[in-house]
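Convention: sequence-line order gives letters A, B, ...; per-chain numbering from 1.
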Amino acid sequence: MPQTALYGLLAEFVSAQQILDATRRAAEAGYREMDAYSPYPVEGLAAELGLRRSRIPSVVLFAGLIGAGVGFLMQFWSMAVDYPFNVGGRPYNSWPVFIPITFELLVLIASFATFLSMLFLNGLPHPHHPLFNVPEFSRASQDRFFLCIEATDPLFDPRGTAEFLERLGPHGSIIEVPHYQIVEAPPSGGELVTATAQGPKEAEA
Amino acid sequence: MPQIFPPAMNIISKVTLFGSFVLAAFILWVCLILVRSSYGTGTGVVHVQPVPFSHEHHVGVLGIDCRYCHTSVEYSSFAGLPPTKTCMNCHSQIWVGSNMLEPVRESYRTNRSLRWQRVYSLPGFTYFDHSIHVHKGIGCSTCHGQIDQMPLTFQVPSLLMEWCLECHRNPERKVRPREEVFNMKYKPPANQLELGRKLVKEYDIDDPATITSCSVCHR
Amino acid sequence: MSCRKDLAGQLAAAHERLGGARGKQYWRSLDELAETPAFMALVHNEFPSQASIWPDTLSRRKFLSLMAASLALGGIGGCSVKPAPTVNIVPYVKPPREIEPGEPLFFATSLTHAGSAVGVLVESHMGRPTKIEGNPDHPASRGATDVFGQAAILSLYDPDRSQTVAHLGQTRTWEDAEAALREALARQRDKRGRGLRILSETVVSPTLAAQRDELLAAFPDAHWHVYEPVNRDSMYTASDWAFGRQVDTHYDFTQADVVLALDADFMMSLPGHLRYVDDFLSRRRLRQHGGNAAKATMNRLYAVEPGVSCTGAKADHRLALRAGQIESFARAVATACGIESGGSVIGGSAAGNEKWLEAVAADLQAHRGRSLVLAGDRQPPAVHLLAHAINDRLGNVGKTVHYTDAWDAGRTERTASLKELAEALDRGDVELLVILGGNPVYNAPVDLALTEKMQKVPLRVHFGPYDDETARQCHWHLPEAHFLEAWSDARAYDGTQSIVQPLIEPLYQGRSAHELLTLLAGAEPTPGYETVRRRWRREATTEQAADFEAFWESVLHDGLLADSAQPRRSVTLADNWQRHLGAGKTTAEPAATELELVFEPDPTIYDGSYANNGWLQECPKPLTKLTWDNAAIMSPSTAEQLGLAHGGYAHGGEHGGYHMPVVELRLNSRSVRAPVWIMPGHAERSITVHLGHGRQQAGRVGGADGHTVGFNAYLLRTSEQPWFAPGLELVPTGETYLLAGTQQHHLMENRELVRSATLGEFRDHPDFAAEPERKQREEQTQRGSLAIATLYEGFNYEAPKHKWGMAIDLSACIGCNACVVACQAENNIPVVGKEQVAAGREMHWIRIDRYSTGTAEKPEEFYFQPVPCMHCENAPCEYVCPVEATVHSSEGLNDMVYNRCVGTRFCSNNCPYKVRRFNFFHYADYHTPTLRLQYNPDVTVRSRGVMEKCSYCVQRIRHASINADTEGRPIADGEILTACQAACPATAISFGDINDKASQVHAWKGQPLNYSLLADVNTLPRTTYLAAVRNPNGKLSEE
Amino acid sequence: MAKTLEDAHRDLIGPDYTPVGHDFASITQQISSLVLRRHTHPGWLALFSLGNGLILMFGCVVIYLLVRGVGIWGINIPVGWCFTITDFVWWIGIGHAGTLISAFLLLMHQKWRTSINRIAEAMTIFAVMCAGMFPLIHLGRPWYFYWLLPYPNTMRLWPQFRSALVWDVFAVSTYFTVSLLFWYMGMVPDLATLRDRATSKLGRVVYGMLALGWRNSARHWHRYEMAYLLLGGLATPLVVSVHSVVSSDFAISVMPGWHETVFPPYFVAGAIFSGFAMVIALCIPIRHFYKVKDLITIDHLDVMAKILLATCFLTSYGYLSEQTMSWFGGENVEGFLYFNRLIGVAQYAPVTWAIVFCNVLAPQVLWFRRVRRSEVMLLIVSVIVLAGMWMERYMIIASSLSRDYLPSSWGIFRPTIWDILTYIGSLGVFIAAFLLFCRFLPIISMSELRAMLPGAHGREEGT
């Protein structure tokens, strides 16, 4: 089985506390290319993964300013420059009445920026992912917690990392995450077969 | 087997999501182009006329003055369309046999008008006045193009409001000396802007704010 | 004139083209044309191009096609969405002289109303008459018109006018009719016309009178009867009694300081009323005194009347008496003036008005030779007699009162004349009855039972513009041409000879009375033109005859023959005149308790002859503001007593519909059902009904096949009591009926809308009108209030060439509605019908608000306030429009761009004056081809979902400024007349350029009387008002 | 009656919004099964077809409107606006509670928002949808609506940005978009859950698409939470601005009864008032039919009732200040109008007093804890409030216009059948849309509930 076929190793946990501990110890062990998965945002988990404060706020601020600027200039230009009308004796540049739309556009653009930048930074939409090859992983969105150390990590070594994960006291055995879904089990692919075979059993448990 | 989508979906989904914005913009752009196209405005379309009257021949070759047929252009909103009688002034002598002119003679005999297809038709809520434009030094060719070179007459400008505004916002670009109004050969001089400003003052053309007021054209 | 002849040719050709078909067929074929796909597509086009406004298909180019004799509605394609439209454009074959394509022409002619002629100028767009203005040179007009004059243009294009000769309802040709008539006349000629009777309306045309005399010469034993429901019988009777001859009475208001009107609405109904209004007001216009208030003088008007008339509303003192009490009041005045008239006190229920009486009498006597007493046509001869006597005694004759020989004297007794006819019919010795115009079957006194008696006549011929009730009772119906289609002449109220010339070839088969009479006289039918011209040549003086063509042209040009008025005649009061005041000749004072019924010609549809005119039906009655109906009008307290009261007239009165109780009016065993309307100020126990409604055969508008408009009051009107009758019974029915009024609320709720003062107050504080604003400003400055502070700096209107503005003189406005109808005619304003008016959706661009002071139960003064668009400089309507459909022009016009309007209606909501009108439905009539001919080509015809409003007649402004520009001259003051201004008989409206310091409007706005309506809303209206000033009698006002 | 254990427990430790007796699995199970179960409840079908019936009628009304014109309504001069604008303001107002609950309470870290925010947001979306229809159809020629949008047209004309109607266009469309984003974004993790639990291929694909490949990565959660918070921060001022803009449709005018500086806060308060009434009116049946009383607890209703009471006072203050200003302002026209509102029996006085009952008096019963915790009473009160708020808008629009400056043009508004049908039709749109939501989307946020469970963030080991 070639390395490239392996995305990473996946350990399953049942409680928030466990995943927090596991992540901390993995980080202490020097692993970086890893990610934790939980059915809801667990406080502190991101910190354990050593994530910095997101860049989204600055993006949103910038977008908001753009929106407001565009909003006001659009009104100023069309009312006072392009086709100025005497409307009810109001001056061409009646800036006070341009404020509402300026604000609305600020919010509109900023909101789009928020949502899109979140998607963009998270690399979403991303409907196909190696993790989805793992049947157990479907419980990440329900009631289980997972820690995945990815093959790209410099310290990664299939056997050693597996043993390391075993030491974290996961629920059930370590799961190898293949890059590509194996449809039928190859003759000499014990691990994988078990991995896929285990799935349903686990789910029923 | 949880994996639902093939790997390609990652790209496809991203493209659709972010590309939809581009698509919307593109569609809008197409619409804006379409209304300005000759399909929307009728520019350059030649209508079938009862008689294939050629301005090229009558104006370009024979050099008949516009006002010979369009008599009221100088003192009425309506330029005037020549009554059959005007045609017959000459065509009772020349081309008397031509089949092409039979409708004209027939009209004259039977006292029934020729029914021309209008070439320049403005919407009814727009009130255009020839006399004032002619008087303020706007040449025939400014709106009607080189009609002296048209075998069959067609509409040259778009007649869209934005086209009217071009001139009403800065008349100095189009205005010419009064004596040149009916001159089809007239070419704007190099110092058009300078001359224009002078003429605008001289002909007492109102400021853009006034001649772009709605009620100037819409009542 | 030649151009018309050419057009005639064109239209003749048109008829040819339609397969020689005329009349009904002709119409069918028109309908077919109207059903062309293009047209239908257009009419039902819910998704039209730039705006769903139909490009005004009656614009210049559109009309070309029409003139060029094609009724195929060319150019309609102009509205298909895409691709770009193709439109037909059709030139003349031979160009008519005088017609300059696209430029309107004016022709002078005269229209006849109520037995006298008014000179008018008719605007013609390429041979298509579109608008009627007054003829400034004409003594009866002086440039003014009334609602009837303004609306006449619509009746020209009325599709319901009868279009063919008909025999027993079957379409026939004129030839058939001629044959039938010849045959009958031949028989009559043998017996010297013994069996021939002709019934006409007042003969106003000298030519027609001449033809009549010729005819009677040919048939010595024939009789010519004259009848009109609204007539001046009692005036002529009285003049017989007083002077032993029939004279017309003329008044010179310019010389009168004190006027007493005895039920005489000289501002609205007397012949010559337009002239009278102008004369009367010439003594009241304070604006002409400029700043010099101290010297200001005014005449004084006392009015005594049952209902509230415009004259009464303008009076300085108005006394509401029952019609039956006015005679005794007149006696009392006479006695007070020292005339032995019997009965020196006001009897019965008029008691308590002695103070009033004394004051009037004193005032009259204090102004001997400068006072004037008029009696209304509604009053019995005795009142007229007394008026003559009082004027005589006060030495007014020859100063404020003049007499001329009655025009057509000896033929003036209308009712008597009709009675004779009725008897003759009854005797059965009438074999051929020719009815020339008029509608006796509908409006003859009910006691004459004319309809039944007519049945005995073997051959009955009706000649008239409509296939009306009378036509239905006749064997033959012959269509009469409209006065804009035929040649004739007419006499004005003072006898001035006026010409009637056609502007268009008859749209249908109508002919003029002259043509018919030549036929009756047995001569070959000659064109009316010849007949009229021949007479004028005959009558011409030697120097006129010398160059008759020139003379004729000048008459046609002026529309009248100068100085052809009847000469004045001095008459002396017969010494035994009092005996006519004896018993039998006078009306008995009605008992205090009994109800009195008063008849009145309808203010807008007159005697019913205008019933099919939508403009007039929808025009609000001046005081009641009712449209589309008549009603039993009574005072609040009378309604209270009869248990018919409703609060609408006083508080929370709505404009729009009102469900009013229906009562049954019973008068000597006859009865009609009528809805009640409550009019503050009406005399107690007196009930006014308007004549002219309830037509059975008027047409689609005025009532036909079952549906009628209002009720027919003629059914209660007898030859004995033609104008008012005591002993009315009023029985509530418990039903209600929807009445549509444009204003019900009478009070101003102490908002200073109409500002007014007495002459005295004005002399002391000339600037009283500006008082409220001044106070406000003072307060604000005291409180240091920020009310004046703003983030915005204003616009500069001095820079552009012009600054258009309007001023309206409230002292002058008499509330006659001429402006309303004029505006409707000029600006293609649709008629929306009763239901829409009831829903509060009438479309008039200018309305006349009517307010009264005091309480609704006892109003003191009435005020009229015309309200067009104010063209505010801080227009509240503009800044709320999301699409710039209404913005300001640089010259200060509040432009309304129909084709940009999306119909949010925010502008109307935000208009403090509520002058904006909205096309809630597809109101404009695109279906009726003739009506579309009437449209003004310079004004867009608005379509559904579009807001519209007064534009200060911007089309006229543009036209004038373009003409001035091309001629390289400034626009002269008075060159632009708005439609309302041009029509106004009271010259209450001034319009012009405020930047022009010499302009009239600038002068008016400089008056101390000038004020802005709702100035505190800070809209800076361009339309301002001159406050109303009255001149009450000190003796009466201090109480 | 004997208190239930739950009540006793609450009496001890105060209101508790955490789902009692649940764990991750059970929450997931309970909520997602509402969506994923195969059969559809007949009651749902019945209601849904009712909604569609109303939509059908609405369609007919609109078609008739487009053919005939706005004259089919009772509007006139002077009352150029009435039912349609009333409906518009009413719906927009209702829309406000949703975003407020989710966004504002999110910023305030109010726990009790969790169980109801999804429902409230959905309600917002649909209410704003309904609201959005009215400005369009009230034109009578909606195909010209695009003239209110700024685009380079052949007339070189732009919208007239001084008009509050243009502000509306921007405010409402922004509000709709932002609410939609907020709603959808909050739903993405739950959609992932549904994707993973869906048994049918179709379900997996559809929810898979909508879930955008969400995989609950801590890194994603990290940015997600930040973005969600930011959206909340943006939405909160937006809510306030939107109804302020709507109120300026009236406040910027010069009409008596419209031209009032109190309008923006007064309208916003009224909006929240009616909005919470609607949320309550929706929550109560949902608790029943979807058996989620343990998730949407009586305490949720209680606290919402309290908010209802509070906003009731804000609104009442608005009424009071209007009247007082009109009396002490010394503005003749204004004074007449308000006096007329109170006594004009022939016109709007009945409506006025009905409003006072519905919006001021009726909510006072919420002072009593027993009432706040009685579903029936709450339902009644909130329906009364909804009706009252509709009448309030009707009153503001109709009566102000019918008694303006010139007595000559006074005229009252009489609704026609078409006015009423148009309104009822819009209810159908709302009902149908909301039912679809209940059937095919998770009505309660699972991921957020999970986060509220004991031990959700570590500690409490060994439970």
**OP:** Using non-hydrogen atoms and a 4.5 Å limit, figure out which bit of Val216(B) sits close to chain C: side chain, backbone, both or neither.
**Re:** both
Original post:
With ring centroids as reference points, do Phe125(B) and Tyr898(C) lie under 6.0 angstrom apart?
Top reply: no
Original post:
What part of Leu893(C) gets closer than 4.5 Å to chain B, counting heavy atoms only: side chain, backbone, both or neither?
Top reply: side chain
Subject >> Per-residue contact mode, Gln955(C) against chain B (heavy atom under 4.5 angstrom) >> reply: both
**OP:** Check whether Thr966(C) gets within reach of chain B through its side chain, its backbone, both or neither, counting any heavy atom under 4.5 Å.
**Re:** both
**OP:** Below 4.5 Å from any heavy atom of chain C, which atoms of Asp207(B) appear? Answer side chain, backbone, both or neither.
**Re:** neither
Original post:
For the rings on His135(B) and Tyr203(B), is their centre-to-centre separation under 6.0 Å?
Top reply: no
Original post:
Should the ring pair His802(C) and Trp804(C) be called parallel, tilted or perpendicular, given that the plane angle runs from 0 to 90° and is split at 30 and 60?
Top reply: parallel
Original post:
Using non-hydrogen atoms only, which part of Asp206(B) is less than 4.5 Å away from chain C: side chain, backbone, both, or neither?
Top reply: side chain
Original post:
Would you say the ring centroid of His144(B) lies under 6.0 angstrom from that of Tyr120(B)?
Top reply: yes
Subject >> Parallel, tilted or perpendicular: ring planes of Phe991(C) versus Tyr952(C), cut at 30 and 60 degrees >> reply: perpendicular
Subject >> Top contributor to chain B contacts, counting heavy-atom pairs under 4.5 Å, from Asn963(C), Ile957(C), Val954(C), Val887(C) >> reply: Val954(C)
**OP:** Establish, yes or no, whether a centroid distance under 6.0 Å links the rings of Tyr75(B) and His130(B).
**Re:** no
